[in-house]
Amino acid sequence: MFAFCADPDTLDPVRWFACYLTTGKHQNFYWAFGTVFLLLAVTAPTALLFGFGGAIAARSRIAPLSWLGKGYIAVVRGVPDIAFFLFFVIALDQGIEYLRHVVLCPEWTEPVRQGSDFLVCNEAKMPLGDSPQWVHEAYGFALAVLTFAIVFGAFAANVLYGAMRAVPKAQVETAAAYGMSPGQTFRRVIVPQMWTFALPGLANLWMILIKATPLLFLLGVEDIVYWARELGGAVTPRFSSYPHGDWTFWYFAVLLVFYLCFTKLSEVVIDRLTANLARGQATAGGEALRKGMA
Amino acid sequence: MKTIILAAALTAIAAAGHAQTVRMGTEGAYPPYNFLNDAGEVDGFERAVGDEVCARAELTCEWVTNEWDSIIPNLTSGNYDTIIAGMSITDERDEVIDFTQNYFPPAASAYVSMDPDADLTGGVVAAQINTIQAGHVAESGATLLEFATYDETIAAVRSGEADAVFADKDALAPTVEESGGELSFVGDDVPLGGGIGIGVRESDGELRDALNAAITSMKEDGSLNEMIVEWFGEDAKTF
């Protein structure tokens, strides 16, 4: 990185660390923080969308749709995250490949399962075997986002389902008295007002989602935990210009501080949002705001 | 007419550029066999062997890392095409995947401890999970303590959690050397396994044959032995 890094053995500690902390390996570590942020930025809205869909389905008066919504919430909430992550991602990946296989290689006659091998024709591989490494990584990341979104979507669906029912009955009846259709009532009255009831639950989910990001590691995405472990391990002078002992503790201490700062910042933002949403609501929070203004 | 020729030429180039890409799966945490260097790239003995094998077999190779623990399932489900990760050829593994001929002769495994009198058959011995060494410890009568990575097995001995660690002697040698006398070899070396080979899916006979041919030619002209000496020192066993 710096010109003076050519011979690390001769450097004073400050320069040694300046060189050590800017190696290619460390840059991968810093990029991994970006991966975590990107995961959160994509997963949170997607999970909310899944949650919204699940809640609407669960509320539906059409019985099969309602079963579907309630089934989704019950099944995904009931299965341990790790089991879901390990099973679902492999099943999804192989499911996609199998479908492509059936469509793209109709002339293939051998069985897809041969002993422990899962075999599809080369054209059906996802991503294609000869695509560059970044495509493989992007695909793995997309699978991870989808899995996170489905898991957290189920919890969000339950929260939103409850929040929709928590909107005061009088509001809904008034809307009906004004001649609004159920759809209009839902769009104009229930959805705008439900957020104040949903926010504590959603905020909770957000915190858990932040803490769940190390599960990325289980899915083969090289996240900050992977690199912290990789960088923290002792290295001997034969295999690195920057030999050091077992520094795992320090790298994990950095992760601890990172997660604490991140969740603290989230709390501050959520508190502001809560206060904002309480305005004009017939809740204790709204009442406190009204008295404060008077 | 010109456009047709041009198009045909382009297609030919595209087809040539489409030469099979082989994804090489490794662990990246088992020096000197394989590890990530300061630049974050796969490096080590197996990187050198793998690149040479690919060049001789005229394959385009791409290196990917995967946790040791799930390295076989990810091969069989097609996430990469080979395992080149210091994996000893054993009968149990051979039932699930296929191996090429060995590119590293059957090597000794050894015990390392902080205490020269460590109890190797009744004490607690650390080993990396799913390795032939872990299998050996389990049968030796010692209490087996398994870890996901090689680093963690060493850390367990240093912290006193385990009395000794049992691993490939070639991986342990640099660790012992650098420990400044803190760690030392104890007990006798144990020869295990049938050497180290490249793992491929059982259904990938063609790839296995191509790799085998390349390894044979490297054994014949002595370039494989040169690599072994370069990474494991003059005393290493060669072909």
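Computed from a predicted structure; not experimentally measured. Just so we're on the same page: letters track the sequence lines, and every chain starts at 1. Just so it is clear, the values below take in all heavy atoms, side chains as well, and ignore hydrogens, waters and symmetry mates.
- Side-chain atoms of Asn34(B) come within 3.5 Å of backbone N or O of Gly28(B) as a donor-acceptor pair.
- Heavy atoms of Asn66(B) lying under 4.5 Å from chain A are absent altogether.
- Ring pair Phe152(A)/Phe148(A) is parallel by interplanar angle, where below 30° counts as parallel and above 60° as perpendicular.
- Listed options Gly78(B), Pro32(B), Ala155(B), Ala29(B) were ranked by heavy-atom pairs under 4.5 angstrom with chain A; first place goes to Pro32(B).
- Between Phe166(B) and the options Phe185(B), Tyr111(B), Tyr150(B), Phe147(B), a ring pair (Phe, Tyr, Trp, His ring centres under 6.0 Å) holds for only Tyr111(B).
- Residue contact with chain A, scored on non-hydrogen atoms closer than 4.5 Å, is absent for Pro73(B).
- Here the side chain of Asp204(B) pairs no donor or acceptor atom with the backbone of Leu207(B) at under 3.5 angstrom.
- With a 4.5 Å cut-off on non-hydrogen atoms, Thr149(B) touches chain A through its side chain but not through its backbone.
- What you find for Leu21(A) and Tyr30(A) is that their closest heavy atoms are O-OH, 2.7 Å.
- Remark: side-chain polar atoms of Arg100(A) are not paired, donor with acceptor, to backbone N or O of Gly95(A) under 3.5 angstrom.
- Top candidate by heavy-atom pairs under 4.5 Å with chain B, chosen from Pro243(A), Gly232(A), Ser240(A), is Ser240(A).
- Each of Leu36(B), Asn37(B), Asp69(B) has some count of heavy-atom pairs under 4.5 Å with chain A, and the biggest count is that of Leu36(B).
- In the model, Asp223(A) has no side-chain atom that pairs as donor or acceptor with a side-chain atom of Thr35(A) under 3.5 Å.
- With a 4.5 Å cut-off on non-hydrogen atoms, Glu230(A) touches chain B through its side chain but not through its backbone.
- In this structure, chain A has a heavy atom under 4.5 Å from the side chain of Glu152(B), while its backbone stays farther away.
- In this structure, chain B has a heavy atom under 4.5 Å from the side chain of Tyr226(A), while its backbone stays farther away.
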